[in-house]
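Each ligand, and each atom within it, is numbered from 1 in the order the structure gives. Quantities reported herein were computed from a predicted structural model and do not represent experimental measurements.
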Amino acid sequence: MRILSGIQPSGVGHLGNYLGAIRQWVSAQDADAYYAVVDLHSLTLDIPPDRLRVQTLDTLAILVAAGLDPEQCTLFIQSHVPYHAQLNWLLECVASYGELTRMTQFKEKSGRQEGYRVGLLTYPVLMAADILLYRAEQVPVGDDQRQHLELARNIAERFNNRYGEVFTVPEAVAPPFAARVMDLQDPSRKMSKSLNSPLGTIYVLDEPDEIVRKVKKAVTDTDGEVRYDRDDKPGLSNLLEILASLSDEAPESVAARYQRYGDLKSDVAEAVVGALEPLRLRFLDIREDETLLRQVATRGADKAVATAEPLYRAAAEAMGL
Ligand code: AMP
Ligand code: TRP
């Protein structure tokens, strides 16, 4: 089974990235898995070049610290493989303007910025290129990426119909719970790298006391009943999902064990610290050895190029280049 996924180096990863994506990546890494730090995608945002460079290596180190083994899976940096940007252009000539302007994420993000970059509109095409270049069958992602996956499927099918069978049509795989971890301060919006909500976001490199403080301050409600109900009790249900995900059970059965919000919060904090503290400590070790990280990236890029190149050539040839 061929698997591919990606994460942007736009900032330190958070608990949503960890539960929605990275944890799934680790458990799927013994399949034929490709995981990319998608630095080209981060150019859609305003990040100083030096910061982007640092964050790209930080993100790579976080993935290794989370348990991805470069011996088992192919771990690479997107811009090291030139075929992503090249296939992107070919696919921009397959995707339509209308389908890109319909993307929810584009509508949200473009509404927040004046003079946004064209890349913000076309970015799902680059994401389709990331996936299709590797003939990925499954793409482990959080819920927010489902619509982009649907677009990648449409682009693959349209290309195959128009130019001949080149691409595999991919499928999204989201975890059963915590596929959409919400901001702890505003449970109506997802936890995110790009929104500035320090108290509402648990970063994977937060120290234990910060995690405890953020969970204790998480916004809930005042009716005092511990019950899983995402519509009526979004804050509490978010905490239940986090704990459910970390203990591999259903949020309803987690809810049945608690009478008091305070007890639930203590256990959520403990479970999150238990998952993230080993990651943080390993990160501190791994991040120090930049030579080793660069070796991981070089090796990953070599493997990725070997897979992507023939696919790119087949697509270019099919289109008449
Ligand atoms: P990004 O940080 O946008 O590069 O996302 C990397 C991965 O994390 C993608 O698979 C996203 O779907 C996933 N992800 C991002 N935010 C969340 C969230 N709040 N809850 C669950 N998954 C998320
Ligand atoms: N767009 C994804 C996000 O913001 C990241 C991403 C880029 C990705 N390319 C991908 C995810 C390919 C899965 C497969 O979360």
Side-chain angles (χ1 to χ4, degrees), residues 2-26 28 33-45 47 55-56 58-60 62-63 66 76-79 81 84-85 87-88 91 103-106 108-109 119-120 122-153 155-156 170-195 197 200-204 230 234 238 241-242 245 304 308:
R2 175 66 60 80
I3 290 178
L4 177 134
S5 197
I7 182 166
Q8 298 198 40
S10 338
V12 176
H14 51 68
L15 187 65
N17 296 134
Y18 181 74
L19 297 178
I22 300 172
R23 235 168 50 118
Q24 299 192 79
W25 299 9
V26 175
Y34 288 73
Y35 298 126
V37 178
V38 291
D39 52 349
L40 295 174
H41 282 269
S42 293
L43 297 180
T44 57
L45 303 166
I47 304 180
Q55 286 174 185
T56 299
D58 286 350
T59 306
L60 188 66
I62 285 173
L63 295 180
F76 67 104
I77 295 171
Q78 183 189 30
S79 66
V81 182
H84 292 250
L87 183 63
N88 172 62
L91 298 184
M103 293 291 117
T104 309
Q105 204 172 68
F106 168 71
E108 281 172 12
K109 289 196 177 171
L120 200 63
T122 56
Y123 132 125
V125 182
L126 178 59
M127 175 165 164
D130 299 340
I131 297 167
L132 301 184
L133 264 183
Y134 298 86
R135 283 210 161 114
E137 296 160 78
Q138 291 195 343
V139 183
V141 281
D143 253 0
D144 60 333
Q145 298 301 318
R146 277 188 185 278
Q147 201 185 22
H148 293 157
L149 248 297
E150 207 44 53
L151 178 79
R153 290 168 61 85
I155 291 176
E171 221 173 83
V173 194
F177 307 110
R180 191 175 188 81
V181 176
M182 307 311 275
D183 188 291
L184 299 182
Q185 285 298 306
D186 178 359
S188 70
R189 65 183 199 188
K190 68 173 188 194
M191 198 177 275
S192 143
K193 288 182 194 140
S194 52
L195 291 174
S197 173
T201 313
I202 294 178
Y203 295 100
V204 295
R230 275 194 79 127
N238 191 37
E241 281 208 30
I242 291 170
S245 163

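- Under a 4.0 Å heavy-atom criterion, Ser192 is not in contact with ligand 1.
- Ranked by closest heavy atom to atom 20 (N) of ligand 1, the top entry among Val181, Leu149, Val139, Val38 is Val181.
- Under a 4.0 angstrom heavy-atom cut-off, His41 registers as being in contact with ligand 2.
- Using a 4.5 Å heavy-atom cutoff, the side chains of Asp186 and Ser197 are not in contact.
- Atom NE2 of residue His84 and atom CE of residue Met127 lie 13.0 Å apart, to the nearest 0.5 angstrom.
- Note: Tyr134 and Tyr34 have tilted aromatic rings, judged against thresholds of 30 and 60 degrees for the angle between ring planes.
- Heavy atoms of Arg180 found under 4.0 angstrom from ligand 1 belong exclusively to the backbone.
- Considering backbone and side-chain N/O atoms, Lys190 never comes within less than 3.5 Å of an N/O atom of ligand 1.
- For an aromatic pair to be called close, the ring centres must be under 6.0 Å apart, and Phe106 with His148 fails this.
- Of the candidates Asp144, Val37, Leu15, it is Asp144 that places a heavy atom closest to atom 11 (C) of ligand 1.
- Residue contacts with ligand 2 for Ile7 are absent, since no atom lies close enough (heavy atoms, distance under 4.0 Å).
- Of the heavy atoms in Gln145, only side-chain atoms (C-beta onward) come closer than 4.0 Å to ligand 2.
- With a heavy-atom cut-off of 4.0 Å, Ser5 does not touch ligand 1 at all.
- No hydrogens or angles considered: nothing links the side chains of Thr56 and Asp39 as a donor-acceptor pair under 3.5 Å.
- By the criterion of a heavy-atom distance under 4.0 Å, neither the backbone nor the side chain of Met182 is placed next to ligand 1.
- When non-hydrogen atoms are compared, ligand 1 lies under 4.0 Å from neither the backbone nor the side chain of His41.
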